[in-house]
Peer 1: 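Let me begin by handing over the structure; questions about it come next.
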Number of protein chains: 2
Amino acid sequence: MNGNGDAEADEALSRFVERFASELTEAGMQRMAARVFAALFASETASMTSAELAGQLRISPAAVSGAVRYLSQVNMVGREREPGSRRDRYVLHNELWYEAIAHRDEVLVRWRKILSDGAETLGPDSAAGARAAETAEFFEFVRHELRAMLVRWREHKARGGDASRGGAESGADSGAGSGVDSAASAPR
Amino acid sequence: MNGNGDAEADEALSRFVERFASELTEAGMQRMAARVFAALFASETASMTSAELAGQLRISPAAVSGAVRYLSQVNMVGREREPGSRRDRYVLHNELWYEAIAHRDEVLVRWRKILSDGAETLGPDSAAGARAAETAEFFEFVRHELRAMLVRWREHKARGGDASRGGAESGADSGAGSGVDSAASAPR
DNA sequence: CGCTCACTTCACAACTTTGTGAAGTTAAGG
DNA sequence: CCTTAACTTCACAAAGTTGTGAAGTGAGCG
């Protein structure tokens, strides 16, 4: 049924990886970091070695190194030494979305601070000052909402992600078995 | 109390503008767009003319034009003709945060699509496929949560922003007066 | 003990982005 | 209807970003 079936599959996988990476890039992520992330994401064990990444993405080891450094800094991947070898494996962080939201949290705190200071500078009885104060409040509101949202997502999942039929708007046609977390930390 | 009080005030305002803009830039927004946005935000009427922007930010009219074009595209500012003059005024959009979230909504829809397709490509019984499907579901979840959040913000505001004690998790300690909307669409 | 492989760092070149001056376009006002 | 003021577009120069090859570093294996 497939002599070049593998090749076709690789081709399709690559298209998905590049498409996903392209979106992430557009959203502000560095290009190489996005590509590495997408490749890891699409890999069976959510983990790859430097050589595998370089090979699949057709980039130099240096580029892999740079991308991984960034992804480590923002806590999206971890590094594991492959036992009995001198190779590292880069592994998608278990609590991926948790980390992402946590990072957003820090940003919101910074923004809130700046806006509060700005409100003070502009004065409480100027429209501009009021606007700044209000926006600061909005960011604080969002911050708490995001935290609450993560809790609800956990519940949603725990309550059975597969019973999700009739989900949000028109029924998600996914059918995921394992969670992002568990899948990401899946057997290697 | 102030002979050069105006100069000091301008200085302080400028610091706030540049600081805010810098954060927005770091978050992925074009630099000029961020600076123009911040300047509008910190202005008393949430609106300025091209000349005012160019003067305050020390940039060319061309740069203002480019920034405004971008901000219009993403629906953050509107353009109004100043009656009895041939000048335009650029005005912060009334429902600023609503627009921002709406934009995010579109992004989430795109991501969900890509991930659903990816899940199909990878196959439902591979860990990678399951991961993609699960993530697609997560994005859909977030999308609805964001919408719900906006509704709650409206309630929160309507209920009196100052009675906000006992917010989400540990109570927000803000205390703004007028709403972002109302302030942004304030009298000119 | 030293060799070798894997990763990292560095300097540089290619590419992209960004802001400007100048020419072009449109519309108000004489 | 022509002038002029305001905004926009265009080509280009400056600045910044990104990925590579090559040299450097250090840990495991013989």
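Chain identifiers are assigned alphabetically (A, B, ...) following the order of the sequence lines, protein sequences preceding nucleic acid strands; residue numbering begins at 1 within each chain.
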Peer 1: Please determine whether a side-chain nitrogen or oxygen atom of B:Arg79 lies at a distance below 4.0 Å from atom OP1 or OP2 of D:dT8.
Peer 2: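 True: B:Arg79 side-chain N/O within range (under 4.0 Å) of D:dT8 OP1/OP2.
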Peer 1: Taking atom CG of A:Asp88 and atom CE of A:Met48, what is their separation to the nearest 0.5 Å?
Peer 2: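 It is 14.5 Å, given to the nearest 0.5 Å.
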Peer 1: With a 4.0 Å cut-off on N to O distance, would you call A:Glu11 and A:Arg15 a salt bridge?
Peer 2: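 Result for this pair is yes, salt bridge flagged.
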Peer 1: For residues 17-25 of chain A, which residues have at least one heavy atom under 4.0 Å from DNA chain C?
Peer 2: none
Peer 1: Rounded to the nearest 0.5 Å, what separation is found between the CG atom of A:Leu13 and the OG atom of B:Ser126?
Peer 2: 9.5 Å
Peer 1: Do B:Arg89 and B:Glu80 sit within salt-bridge range, that is, some charged N less than 4.0 Å from a carboxylate O?
Peer 2: no
Peer 1: Is a salt bridge present between B:Arg19 and B:Glu23, judged by a nitrogen-to-oxygen distance below 4.0 Å?
Peer 2: no
Peer 1: So, using side chain to side chain contact (heavy atoms under 4.5 Å, CB included) as the criterion, who are the partners of A:Ala62 when residues are at least two apart?
Peer 2: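 Here the qualifying residues are A:Ser60.
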Peer 1: CZ of B:Arg87 versus P of D:dC7: gap in Å, rounded?
Peer 2: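 About 7 Å, once rounded to whole Å.
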Peer 1: Applying a 4.0 Å non-hydrogen cut-off, can you work out what B:Arg86 is touching in the nucleic acid: base, sugar-phosphate, or nothing?
Peer 2: base
Peer 1: To the nearest 0.5 Å, tell me how far A:Arg58 CZ sits from A:Gln56 CD.
Peer 2: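 Atom-to-atom, A:Arg58:CZ and A:Gln56:CD are 10.5 Å apart.
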Peer 1: Distance check, rounded to the nearest 0.5 Å: A:Phe41 atom CZ versus B:Thr135 atom OG1?
Peer 2: 3.5 Å
Peer 1: Taking ring pair (Phe, Tyr, Trp, His ring centres under 6.0 Å) as the cut-off, I'd like each qualifying pair that reaches into residues 107-129 of chain B, sequence neighbours left out, listed once.
Peer 2: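 Qualifying pairs, neighbours excluded: B:Trp111-B:Phe139.
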Peer 1: Using the closest heavy atom to pick a nucleotide of DNA chain D for each, name whichever of A:Gly84 or B:Arg69 lands nearer the 5' end.
Peer 2: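 In this pair, the answer is B:Arg69.
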Peer 1: Nearest 0.5 Å, what's the CG-CZ distance between B:Leu92 and B:Phe37?
Peer 2: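 Interatomic distance, B:Leu92 CG to B:Phe37 CZ, rounded to 0.5 Å: 5.0 Å.
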Peer 1: Taking CG from B:Leu71 and P from D:dT8, how many angstroms apart are they, rounded to a whole number?
Peer 2: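 Checked: the CG to P distance equals 12 Å.
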Peer 1: NA contact type, A:Tyr70, heavy-atom cut-off 4.0 Å: base, sugar-phosphate, or nothing?
Peer 2: nothing
Peer 1: When the ring planes of A:Phe138 and B:Trp97 are compared, do they come out parallel, tilted or perpendicular, using 30° and 60° as the limits?
Peer 2: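 Taking B:Trp97 first and then A:Phe138, their aromatic rings lie parallel (interplane angle under 30°).
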Peer 1: Regarding B:His144 and B:Glu140, is there a side-chain donor-to-acceptor distance under 3.5 Å anywhere?
Peer 2: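 There is such a pair (donor and acceptor under 3.5 Å, judged by atom type) between the side chains of B:His144 and B:Glu140.
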Peer 1: Contacts to DNA chain D from residues 31-41 of chain B, heavy-atom cutoff under 4.0 Å, which residues?
Peer 2: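 Those residues: none at all.
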Peer 1: What range of DNA chain C does chain B touch, first nucleotide to last, counting atoms under 4.0 Å from its heavy atoms?
Peer 2: C:dG19 to C:dG29
Peer 1: Under a 4.0 Å N-O cut-off, is there an ion pair linking A:Arg154 with A:Glu95?
Peer 2: yes
Peer 1: Could you give the CG-to-C1' distance, from B:Asp88 to D:dA6, as a whole number of Å?
Peer 2: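 Taking atom C1' of D:dA6 as the reference, CG of B:Asp88 is at 8 Å.
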Peer 1: Taking DNA chain C as the partner, which of residues 52-67 of chain B come within under 4.0 angstrom of it by heavy atom?
Peer 2: B:Ile59, B:Ser60, B:Ala62, B:Ala63
